[in-house]
There are 2 protein chains.
Amino acid sequence: MPVNEPKSSRGRPTVVRMRDVAAAVGVSVKTVSNVVNATGQVNEATVRAVRVAVEELGYRPNPLARGLNSRATDTVTLALPGLGYGYCAPLAAAVFDLAEAEGISVVMEPTGGDRERELEVLRNRGGLSDGVLLMPTAITARELKALPSPGPAVLLGSRRVEGPFDSVASQDTVAAEAAVRLLLDRGASRVVLLGGERKAGGDTAAALRTDGYRRALTAAGQKFVPALVLETPRSSRDDGQAAMAQLLGSETPFDAVLALEEPLAHGALHALRRAGRDVPGQVQVVAFGNDEDAEYSSPSLTTVQADVTTMARRALDQLTARVREGARPRSHVEVPLTIIERESTISHA
Amino acid sequence: MPVNEPKSSRGRPTVVRMRDVAAAVGVSVKTVSNVVNATGQVNEATVRAVRVAVEELGYRPNPLARGLNSRATDTVTLALPGLGYGYCAPLAAAVFDLAEAEGISVVMEPTGGDRERELEVLRNRGGLSDGVLLMPTAITARELKALPSPGPAVLLGSRRVEGPFDSVASQDTVAAEAAVRLLLDRGASRVVLLGGERKAGGDTAAALRTDGYRRALTAAGQKFVPALVLETPRSSRDDGQAAMAQLLGSETPFDAVLALEEPLAHGALHALRRAGRDVPGQVQVVAFGNDEDAEYSSPSLTTVQADVTTMARRALDQLTARVREGARPRSHVEVPLTIIERESTISHA
DNA sequence: CTGAAAGCGCTTACAG
DNA sequence: CTGAAAGCGCTTACAG
């Protein structure tokens, strides 16, 4: 048994520095830096010599040292409530993939929908990273407006934000309105809003979608019926099933459902099936969602899909531009959602 | 129009350094450092004064500069093929949450199951991060064994790895064997392996699970029937549906299915339903998976679940220990999977 | 095309 | 309990 470990395996690992490469080739660190970063002009032969030494010594530039000077780490922070919320999972996947393709690393920061953690992300300017992509859920639009001038940050999600930030917002209100209009066009007259908010004025995704619901009713000359708005504690299948079962038991008449999160819709479908209600014959169903599941439930589910790839693309572009340019006009991008019609709504006449 | 922007909004943002805090309080940077990091002993009054100055000036330690010295960035890289693969999504969520709770940031690095990118992650030692959590899918066990002594890295996934790495492996072979045994116990005699590999010897998750399938058959005195192993191009619902539909058309008799990925099982259930086969009366179904969906399909699906939280916990612990201690014995953790029985298998007599 | 020097913002011994 | 100096590994002007 070796009592003394070799030096290299104790404490700090031996590391090959730019200086070591320079010494090996017989040039200055500046020249090595030029070769490694393709900066300045370097003699062909020198370039080759440096490349060989880099390879042989296994030199890797230290991103910390590099970042300390250049102020660029090519890293962004993605702060979402968590992968389980709304379309966060596919959105995160899109950000990871697009960033990877550009050589940008992504630090994932789950906020848990916690106000303090959301604020901390903004204050922190992302720590190691060059900037922040934040989906605010607990910070209100008013607070956001009043926040001190931040480091590079892009807000993304369902809320349009007026504050000192760039933003990418999905047009949830518009999409909810379109979804309700579709249901009414297809003959529905009493549309249940599953997962909605009875009182207006909030700026959560649910509140914004509820606004669209109200607008569509108003435009169609219908009254807002509180009994048709089903608030749920969370957005799980169980919640959807329970809320729908309760409504079915109450004998309140209805002929359509707009579910604000897809799991709610699957729960509702379950309850409707049990109650013997035909979908879409007796009840039409539309849900906000992105899941592959929508296609495979029976009946398959008509959905309102957020275009997460576009959202990720735009958000990354905005952040990159702000990191590079510093002062530039705020940019607010709105991304439409798409309605994918499937079997849970009556097909167009 | 102001032609000259104020200095602070051009180029580098004005930044408050430790030196600025020191100057404000009238102490040295060392003292500020001591307060900020709770190192050494500092006078009560000095501590307070520094705290106040930190607050007023809005000082935030620069993690890059800190990391350059201490060699610790409190950041780890999580390299998975992608959120859509097997249990990667819940595993990633678990890593994000556990790390967050410990003040560790996580850089997500999607490898796309690409060999080069997997190797790059290992060579790179994670770039900015202190260490790497990698799920290898394309690198073979042999290659892994031969890799040069790496920076801190933990391999995780279905494969047990012998190389110079710590590892956390889910016991897929054991679990597959148990699942098949369960099916046989419940009266099945011809078990289809959906998503399996006909030829033995690989070390992908599918191959390891296929090994378990073979073992269970052998233990039960049954022969391995190649026609019952359905290879699928990917692991989507469509693949599961297509493979099952083809098998149903071929008139090959079978009375149970072990699906190696959950979407395959949902596709298979779809095909079985269409063909009028009763589940579990005529065909019992078990699937590897973690999805909430399993509970809500009809019939609900018996699953083999990986304990992603434990895997994440152990992997993070191993990595933290290796980062801190450097040389220490390799640690190989195996995490069992759990079979959750639901309606798609016959309940125990 | 290349080098020597200064400096990024912090921490780490080493003195007091 | 506190300070002055050196240094982490790189890049950035500035000279040649």
Side-chain angles (χ1 to χ4, degrees), chain A residues 11-51 53-54 57-75 124-130 151, chain B residues 11-51 53-54 57-75 124-130 151:
Chain A
R12 298 187 172 188
T14 46
V15 91
V16 181
R17 297 151 304 171
M18 194 171 260
R19 157 200 312 188
D20 301 318
V21 176
V25 182
V27 294
S28 74
V29 291
K30 175 70 198 329
T31 301
V32 177
S33 176
N34 277 155
V35 173
V36 170
N37 300 304
T39 16
Q41 310 253 54
V42 190
N43 182 329
E44 256 304 299
T46 315
V47 170
R48 270 196 297 270
V50 170
R51 290 253 163 81
V54 163
L57 300 172
Y59 168 72
R60 298 266 156 188
N62 181 326
L64 257 34
R66 177 179 282 180
L68 187 53
N69 283 288
S70 64
R71 265 132 206 294
T73 54
D74 293 332
T75 299
N124 226 348
R125 298 170 162 191
L128 281 166
S129 62
D130 294 338
Chain B
R12 298 188 172 188
T14 47
V15 91
V16 181
R17 297 150 304 171
M18 194 172 261
R19 159 201 308 188
D20 300 320
V21 176
V25 181
V27 294
S28 75
V29 292
K30 175 71 198 329
T31 301
V32 177
S33 177
N34 277 155
V35 173
V36 171
N37 300 305
T39 17
Q41 311 253 53
V42 190
N43 182 330
E44 256 305 298
T46 314
V47 170
R48 270 195 298 270
V50 170
R51 291 253 163 79
V54 164
L57 299 173
Y59 169 73
R60 299 268 155 186
N62 180 326
L64 256 33
R66 178 179 281 179
L68 186 55
N69 282 288
S70 63
R71 254 106 204 326
T73 53
D74 293 333
T75 299
N124 227 348
R125 299 170 162 191
L128 281 166
S129 63
D130 295 336

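- Listed candidates were D/dT2, C/dG7, C/dC1. Nearest to the side chain of A/N43 is C/dC1.
- Closest approach to the B/N69 side chain among D/dG3, D/dG9, D/dC8 is made by D/dC8 (side chain taken as heavy atoms from C-beta onward).
- B/V36 and B/Y59 get closest at one heavy-atom pair: CG2-CE2, 4.1 Å.
- Residue A/P63 is out of contact with every strand shown, counting any heavy-atom pair closer than 4.0 Å.
- Computed from coordinates, the A/L128 CG to C/dG9 P distance equals 15 Å when rounded to whole Å.
- Using a 4.5 Å heavy-atom cutoff, the side chains of A/R66 and A/N62 are not in contact.
- At a threshold of 4.0 angstrom between heavy atoms, the contacts of A/T46 are confined to the sugar-phosphate backbone, with no base atom among them.
- In DNA chain D, consecutive stretches of 3 or more Watson-Crick or G-U wobble pairs with both distances under 3.5 Å are given as paired ranges: C:1-3 with D:14-16, C:5-12 with D:5-12, C:14-16 with D:1-3.
- Residues B/T75 and B/L128 form no side-chain contact, since every pair of their non-hydrogen atoms from C-beta on lies 4.5 Å or further apart.
- Taking only side-chain atoms of B/V27, from C-beta outward, the nucleotide of D/dT11, D/dG3, C/dT2 with the closest atom is D/dG3.
- Nearest-nucleotide mapping onto DNA chain D: of A/R19 and A/R66, the residue sitting toward the 5' end is A/R19.
- Nucleotide C/dG3 holds its C1' atom 11 Å from the CG atom of A/N34, rounded to whole Å.
- Distances from the side chain of A/A65 to the nucleotides C/dT11, D/dC10, D/dA4 place D/dC10 closest.
- One can place CG of B/L57 at 15 Å from C1' of C/dG9, the figure rounded to the nearest angstrom.
- Two residues, B/S28 and A/T39, neighbour DNA chain D, and the one matched to the more 5' nucleotide by heavy-atom proximity is B/S28.
- Contact annotation: A/T31 reaches the phosphate of C/dG3 (side-chain N/O to OP1 or OP2, under 4.0 Å).
- In this structure, of C/dT11, C/dG9, D/dT11, it is C/dT11 that holds the atom nearest to the side chain of B/N37.
- Set against D/dT11, D/dT2, C/dC10, the side chain of A/M18 has D/dT11 as its closest nucleotide.
- Inter-residue side-chain proximity for B/T73 and A/L64 is flagged as met; some heavy-atom pair is nearer than 4.5 Å.
- Using a 4.5 Å heavy-atom threshold, the side chains of B/S28 and B/T31 count as touching.
- For B/N62, whose side chain is taken as the heavy atoms from C-beta onward, the closest listed nucleotide among C/dG9, D/dA4, D/dC10 is C/dG9.
- Checking C/dC10, C/dT11, D/dT11 against every side-chain atom of A/V29, the shortest atom distance belongs to D/dT11.
- When rounded to the nearest whole Å, the span between CZ of B/R60 and P of C/dC10 equals 13 Å.
- Rounded to whole angstrom, the span from the CG atom of B/L68 across to the C1' atom of D/dT11 amounts to 12 Å.
- Among all heavy-atom pairs drawn from B/T39 and B/S33, the shortest one is OG1-O, 3.7 Å.
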>> What verdict does the side chain to side chain contact (heavy atoms under 4.5 Å, CB included) test give for B/V27 and B/T46, after you've listed the backbone C-alpha separation in whole Å, the side-chain angles of each residue and the deciding distance to 0.1 Å?
In response: CA-CA 9 Å; B/V27 294; B/T46 314; 4.1 Å; yes
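- When the side-chain nitrogen and oxygen atoms of A/S33 are compared with OP1 and OP2 of D/dT11, one or more of them lie within a distance under 4.0 Å.
- Listed here is the closest heavy atom pair of B/A65 and A/L68: CB-CD1, 3.7 Å.
- Comparing C/dC10, D/dT12, C/dT2 against the side chain of A/K30 picks out D/dT12 as the nearest.
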